[in-house]
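What follows is a set of notes on a single structure, which appears directly below.
Positions are given from 1 along the sequence. What's counted below: heavy atoms across the whole structure, side chains too, no hydrogens, waters or symmetry copies.
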Amino acid sequence: MICTDLEPFSVVERRGFRTLVGFLEPKYKIASRHYFSRTIVPELYEAMRGEMVQSLKAAEGCVINLTTDLWTSNHNAHAYLCLTGHWCERVGETSVQRKAGLLNVGVLDIAHTSNSILCCLKEKMREWEESVGQSVTIGFVVSDNAANMVKALTEYGHIRCVSHMLHLVVIKALEKDRVGTSLLSKARIISGHVHRSSKASNRLHELQTQLNLPQHTLITDVKTRWNYTVYMLQRLVEQRRAVQIMTQESNMGKAPTIIYPNEWGLASDMCLCSIIRSLHAGEESEDESDQFMDGDDDQDVTVGLGQDVAAESRERLSTAARKLAANLSKELKWRFEPIFANSTFLLAALLDPRYKASCFSNNVDVEALKRTLLLRMELCDPVATPARNTEETLATSNTSVLSFLQKKKSASPMRTHLPSGDVEAYLADGDISLTDDPVKYWSDKLQCWPNLTRFALQHLSCPPTSVQSERIFSTAGNVVSPQRANLDPSHVEQLVFIKVNADLKNSVGLFDQ
């Protein structure tokens, strides 16, 4: 209960809890909080760690992938390094399951240089190897784009978190747009004021009743999550009439909060995804993309769309929306371009039976990618790193990420000059639905293509995002609360380890049920 509900150890000494236990069983004597913190929780920690060791022993090829992140508590001044593991576990002779678990959330109270991060990671993995009793190979490590992280993890085949890249695409595009910046500033002031002021909140409910609007509160955005910015604008657009009246009645703070018609138009365009249509239009070709991003405000951004859709987009998009779409297009192209020079991403896509080579743009050298795949399989090297020689060059510099995103799934399997063996048979095999699990597909092929299956599972066991590690710090933040600022870091690790892995065990089957 203490670990699952993140209760303080002192809960066992509180009068209400003792009264409840005494009512349920008068003869039961509750141990002290020190017994739970020094004996019971450490025993639970070791037991769960033992289960994790058994699962790691069964990892396909003894290969795991990692996600990692750093977090500094505001309450006890300790910094923590989180490591989550992702692997595929053999279950019997003919089945494989995807596994995930928290490996470490330990203190790193030294300068967060690339060398210190790397040394800490190696030390933690060495401890796990000693527990497992065999070598554990790291396939690749996913983290955010912090320079110290990128440098520290280079030797492990570092993968930049796709979620962070998407967030940066939106944030940087908005920062370049004057109208968008002004709109968001006003939106945050209005939403924040309504949240903090009971008078403003009551007035909003009155106007909602009078105007027959949905009884919804305004949403404040979260700066680290771009989608919450969209939610905030959606709610403002929904409550536009009430918000307009409220901002005219009183100025919410010192900054101006009157949202002008062109700003309302931009908010509506963003919520209705018209900007995404413009993004697609602007990436229809490399030449058109350059014109779209470098042109003036009146540039037609609907080139390449169907006539009806293009006409609708031209009619609905404001000048500000077109500029924002151009900024989004430029940021998206620039930040995702490196994907096409990283064989980890490309091999994962090729080995995903939902896509294979159908999702690649024309500039990806599929034949070179297949040669890389065969070479890696032959060398039994699970570490996927960017191509380093001409034979392994997988993409040219002008590859468009939006072409990749827009490329539709092929109707028939690829049958170009295929290499012989398992790879040829796999590429010629029938497609699976986009909603199917690729790990289930490869589990069924374990007896047919054992080596190719092992290599595929090493690439498909981990998502290209470090979100899971960041979510763990949300749990850690609840453990290291203002009321528990003096909690020993070892207890923090034990409590978070038990909590997170118990949740994973129940949700994705970390261990056998």
Side-chain angles (χ1 to χ4, degrees), residues 51-52 54-65 85-101 136-137 139-140 142 343-360 366 369-384 407-416 418-465 468 504-513:
E51 289 185 87
M52 183 87 74
Q54 295 304 313
S55 184
L56 288 172
K57 285 182 177 179
E60 272 295 320
C62 294
V63 174
I64 68 171
N65 301 306
H86 302 260
W87 65 96
C88 286
E89 176 186 321
R90 181 77 67 91
V91 181
E93 293 296 324
T94 60
S95 180
V96 175
Q97 292 181 355
R98 184 187 286 112
K99 302 293 180 179
V136 176
T137 302
F140 54 83
V142 185
S343 58
T344 301
F345 281 106
L346 297 181
L347 286 173
L350 186 69
L351 293 170
D352 191 325
R354 297 170 298 178
Y355 305 106
K356 299 180 181 177
S358 65
C359 60
F360 296 144
V366 178
L369 181 61
K370 289 186 288 187
R371 290 195 296 271
T372 301
L373 171 59
L374 292 174
L375 179 62
R376 296 263 174 83
M377 290 176 58
E378 183 179 348
L379 296 175
C380 298
D381 178 14
V383 180
K407 189 81 172 180
K408 292 186 177 180
K409 195 168 182 287
S410 300
S412 58
M414 197 183 82
R415 297 181 180 277
T416 56
L418 297 174
S420 59
D422 293 351
V423 175
E424 178 181 359
Y426 159 66
L427 291 174
D429 194 29
D431 297 338
I432 67 174
S433 169
L434 295 178
T435 59
D436 289 341
D437 182 4
V439 172
K440 174 64 168 60
Y441 170 90
W442 284 110
S443 180
D444 295 338
K445 303 295 184 182
L446 193 59
Q447 301 299 315
C448 181
W449 309 317
N451 293 332
L452 182 61
T453 296
R454 171 179 291 184
F455 196 79
L457 292 174
Q458 292 169 6
H459 282 74
L460 299 176
S461 64
C462 179
T465 173
Q468 179 136 23
L504 288 172
K505 178 179 179 180
N506 294 328
S507 62
V508 298
L510 173 59
F511 314 115
D512 294 336
Q513 299 297 314

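Listed here is the closest heavy atom pair of Gly139 and Asn65: CA-OD1, 3.2 Å. Nearest heavy-atom pair, Gln468 versus Leu504, reported as atom, atom and distance to 0.1 Å: NE2-CD2, 3.3 Å. Considering every non-hydrogen atom in both Phe345 and Pro464, the closest pair reads CE2-CB, 3.9 Å. Taking each heavy atom of Lys99 and Ser55 in turn, the nearest pair found is CG-OG, 4.1 Å. Closest approach of Val439 and Val96 over heavy atoms only: CG1-O, 4.1 Å. Closest approach of Asp352 to Pro438, counting heavy atoms only: OD1-CB, 3.7 Å.
Taking SG of Cys462 as the start and CD1 of Ile64 as the end, the distance is 10.0 Å to the nearest 0.5 Å. His459 contributes atom NE2, which lies 7.0 Å from atom OG of Ser343 (distance to the nearest 0.5 angstrom). Taken from SG in Cys359 to CZ in Arg354, the straight-line distance is 10.0 Å, to the nearest 0.5 Å. Atoms SG and CG, on Cys88 and Leu460 in that order, are 7.5 Å from each other to the nearest 0.5 Å. Put simply, CG on Asp422 and OH on Tyr426 are 12.0 Å apart, with the number rounded to the nearest 0.5 Å. One finds the CD atom of Gln97 at 12.5 Å from the CZ atom of Arg90 (value rounded to the nearest 0.5 Å).
The shortest side-chain heavy-atom distance between Val136 and Leu56 does not fall under the 4.5 Å cut-off. Side-chain contact between Glu89 and Glu60: absent, with no pair of heavy atoms (C-beta onward) separated by less than 4.5 Å. Contact annotation: the side chain of Trp442 never approaches that of Arg454 to less than 4.5 Å [non-hydrogen atoms, C-beta and beyond]. Contact check for Tyr441 versus Thr453: no side-chain heavy atoms found under the 4.5 Å cut-off. Side-chain contact check for Leu373 versus Leu369: every heavy-atom pair is 4.5 Å or farther apart. Side-chain contact between Leu427 and Leu350: present, with at least one pair of heavy atoms (C-beta onward) separated by less than 4.5 Å.
A cation-pi arrangement is present between Lys445 and Trp449, with the terminal nitrogen or guanidinium carbon under 6.0 Å from the aromatic centre and inside a 45° cone about the axis.
Among the candidates Leu351, Leu347, Thr137, Val63, the single residue satisfying the side chain to side chain contact (heavy atoms under 4.5 Å, CB included) test with Gln458 is Val63.
We find that Lys440 and Asp444 are joined by a salt bridge, their nearest charged nitrogen and carboxylate oxygen being less than 4.0 Å apart.
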Next on the checklist: salt bridge (charged side-chain N to carboxylate O under 4.0 Å, His left out) for Arg98 and Asp437? Distances and angles first, verdict last.
Outcome noted: CA-CA 10 Å; Arg98 184 187 286 112; Asp437 182 4; 3.4 Å; yes
